[in-house]
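Atoms considered below: every heavy atom in the structure, side chains included; atoms not considered: hydrogens, waters and symmetry mates.
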Amino acid sequence: MARLAQTAGLTDVQQEILSTVRDFVDKEIIPVATQLEHKDEYPTQIVEGLKELGLFGLMIPEEYGGLGESLLTYALCVEEIARGWMSVSGIINTHFIVAYMLKQHGTQEQKDTFLPRMALGEVRGAFSMSEPALGSDVSAITSKGVKDGDEYVLNGQKMWLTNGGTSSLVAVLCRSDEGHPEGTAPHKSMTTFLVEKEPGFGEVRPGLTIPGKIDKMGYKGVDTTELVMDGLRIPANRVLGGVTGRGFYQMMDGVEVGRVNVAARGCGVAQRAFELGVSYAQQRHTFGKPIAQHQAIQFKLAEMATKVEAAHAMMVNAARKKDSGERNDLEAGMAKYLASEYCKEVVEDAFRIHGGYGFSKEYEIERLYREAPMLLIGEGTAEIQKMIIGRRLLEEYRFQG
């Protein structure tokens, strides 16, 4: 859309990047997205195109071969990509979070080893917090890393790994009691381990198994897997930052920017749903005129467009706050919460505008209708966002009685 979700104050470079990405989305993603999604086929050709555009290194500093762009630029690119196919933005997001965590928290050796190859897309990242029994309760993690000489031995089962099969570097959060006395708060005895592996499924290195893809309602194409560690040995220099006990904070920093990403995805999917709805409403005729001329449909379009605009504004605000170096967990939580909820509502309204045809797999809105629910739970459920927002508001507005 030429009118909705515009961003003021962008530089010429940012505008050029976004124009290039939008052109790529229109020509290379939208025409094939539904076909690939129905086959649950990994978008290899699209990913190769994104590598050529340099998007895998968009926020990696120039000294490591990246473009050194801001979180705002990245989020706006994600918005465009999700408008084409949300699964592709997921492939980029998990890679980006690992690169961001390395840039912010890695040792110099870790940065030098991984970031140049990540900028080229030769090493692709995934990160792993969740486990089968814990959901949003990160403090309940049971996977464990135990030091054994110059190595750590990792055991446990992880869940919901985006890029689990196609990645070659996984940031894995485990418990590590070494150096932390009994009674230490759970979040202070967690460590992020950088696990290198071969892409693929099955036993991808001794002690590490990536079972087959999880069959999902939507968000297809991208591989979502489990990760099973059974006596997995990794060298001690693959502890992120070189010090144990900091894993929870490192992961939360990554998830915070990930929430801006999920908000951007919600904005992109909502934009596409609006485009489909407003276009179909002008082509479909009932009672002798296009349904767009019926007041009931105009009301829907007005509500949809307003939600698209509001979600975009909150997402941009959260990204700019993070770029400024300020704490942005409140803004990121609000943006993720609003954008994902509004995305679901805009997609459903576009689905309703399509009537019975929206239920047909021949129409793109059917795919969006299955994809939108993932945003309601990805990077923290709505309830988790509300907890974050509520606690931060109480900090800001503490009663001085």
Side-chain angles (χ1 to χ4, degrees), residues 13-14 16-25 27-29 32-33 36 41-71 73-104 106 110-128 161-172 194-201 204-205 210 213 219 221-225 238 240 254 257-258 261 264-265 268:
V13 171
Q14 287 175 314
E16 184 177 347
I17 291 172
L18 290 174
S19 176
T20 301
V21 172
R22 174 172 275 258
D23 187 58
F24 181 84
V25 168
K27 292 179 179 178
E28 306 295 335
I29 297 183
V32 299
L36 292 174
E41 182 176 329
Y42 187 81
T44 301
Q45 189 171 337
I46 292 172
V47 169
E48 290 301 312
L50 294 176
K51 284 168 63 176
E52 291 180 15
L53 291 178
L55 288 191
F56 280 95
L58 191 61
M59 278 192 68
I60 293 175
E62 292 181 9
E63 63 188 284
Y64 299 107
L67 297 180
E69 274 294 333
S70 64
L71 177 60
T73 306
Y74 177 77
L76 294 175
C77 287
V78 165
E79 184 179 39
E80 293 289 354
I81 293 169
R83 174 182 153 267
W85 185 13
M86 192 180 74
S87 292
V88 178
S89 66
I91 293 169
I92 294 285
N93 181 46
T94 48
H95 173 86
F96 154 69
I97 290 178
V98 177
Y100 174 83
M101 290 168 62
L102 275 163
K103 181 185 74 169
Q104 295 296 109
Q110 290 167 354
K111 294 176 185 179
D112 292 340
T113 298
F114 295 114
L115 289 181
R117 290 186 291 154
M118 294 185 81
L120 295 173
E122 293 175 357
V123 168
R124 300 233 282 279
F127 77 104
S128 178
L161 217 72
T162 300
N163 285 348
T166 49
S167 60
S168 48
L169 177 66
V170 186
V172 183
L194 300 172
V195 178
E196 298 170 81
K197 71 176 187 65
E198 290 297 319
F201 299 96
V204 292
R205 65 175 284 178
I210 305 290
K213 295 194 299 184
Y219 198 43
V222 59
D223 47 297
T224 305
T225 73
R238 288 299 173 256
L240 180 61
V257 292
N261 175 287
R265 285 197 248 179

Would you sort out whether T73 and L67 count as a side chain to side chain contact (heavy atoms under 4.5 Å, CB included), showing the intermediate values?
CA-CA 11 Å; T73 306; L67 297 180; over 6 Å; no

Might you work through the side chain to side chain contact (heavy atoms under 4.5 Å, CB included) test for R124 and V47, ending with a clear yes or no?
CA-CA 11 Å; R124 300 233 282 279; V47 169; 3.8 Å; yes

Please step through side chain to side chain contact (heavy atoms under 4.5 Å, CB included) for the pair F201 and T225, ending with a clear verdict.
CA-CA 9 Å; F201 299 96; T225 73; 3.8 Å; yes

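Side-chain contact between V25 and R83 is present, with heavy atoms from C-beta onward closer than 4.5 Å. Residues T113 and Q110 form no side-chain contact, since every pair of their non-hydrogen atoms from C-beta on lies 4.5 Å or further apart.
The CD1 atom of I81 lies 11.0 Å from the CG atom of L76; values are rounded to the nearest 0.5 Å. Rounding to the nearest 0.5 angstrom, the gap separating the CG atom in L169 from the CD atom in E122 is 13.5 Å. Rounded to the nearest 0.5 Å, atoms CD1 (I46) and CD1 (I29) are 5.0 Å apart.
Partners of D23 by salt bridge (charged side-chain N to carboxylate O under 4.0 Å, His left out), not counting sequence neighbours, listed by chain and number: K27. Take E28 and apply the side-chain hydrogen bond (donor to acceptor under 3.5 Å, both in side chains) test, not counting sequence neighbours, and it matches no residue. Applying the side chain to side chain contact (heavy atoms under 4.5 Å, CB included) rule to P61 yields the partners E63, Y64, K103; only residues at least two apart in sequence or on another chain are considered. In terms of the salt bridge (charged side-chain N to carboxylate O under 4.0 Å, His left out) criterion, K197 has no residue partners (sequence neighbours excluded). The side chain to side chain contact (heavy atoms under 4.5 Å, CB included) check on E198 picks up nothing, with sequence neighbours excluded. Contacts of R117 classified as side-chain hydrogen bond (donor to acceptor under 3.5 Å, both in side chains), with partners at least two apart in sequence or in another chain: none. When the side-chain hydrogen bond (donor to acceptor under 3.5 Å, both in side chains) test is applied to S168, no partner is found at least two apart in sequence or on another chain. T162 meets the side-chain hydrogen bond (donor to acceptor under 3.5 Å, both in side chains) test with no other residue; sequence neighbours excluded.
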Residues 84-100 side chain polar contacts: donor-acceptor under 3.5 Å, at least two apart:
unit_1, atom_1, unit_2, atom_2, d
W85, NE1, S87, OG, 3.3
W85, NE1, E371, OE2, 3.1
S87, OG, K220, N, 3.4
S87, OG, K220, O, 2.5
S89, OG, M86, O, 2.6
N93, OD1, N261, ND2, 3.0
N93, ND2, E379, OE2, 3.3
T94, OG1, G90, O, 3.3
T94, OG1, N163, ND2, 2.7
H95, ND1, G125, N, 3.1
H95, NE2, F56, O, 3.1
H95, NE2, M118, O, 3.1
Y100, OH, D253, OD1, 3.2
Y100, OH, D253, OD2, 3.4

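In terms of modelled atom types and a separation under 3.5 Å, the side chain of D223 and the main chain of Y42 share no donor-acceptor contact.
Applying the salt bridge (charged side-chain N to carboxylate O under 4.0 Å, His left out) test to every pair with at least one member in residues 51-60, sequence neighbours left out, gives these pairs: E48-K51.
Using a 4.0 Å cut-off between a side-chain N of Lys or Arg and a carboxylate O of Asp or Glu, R238 and E196 qualify as a salt bridge.
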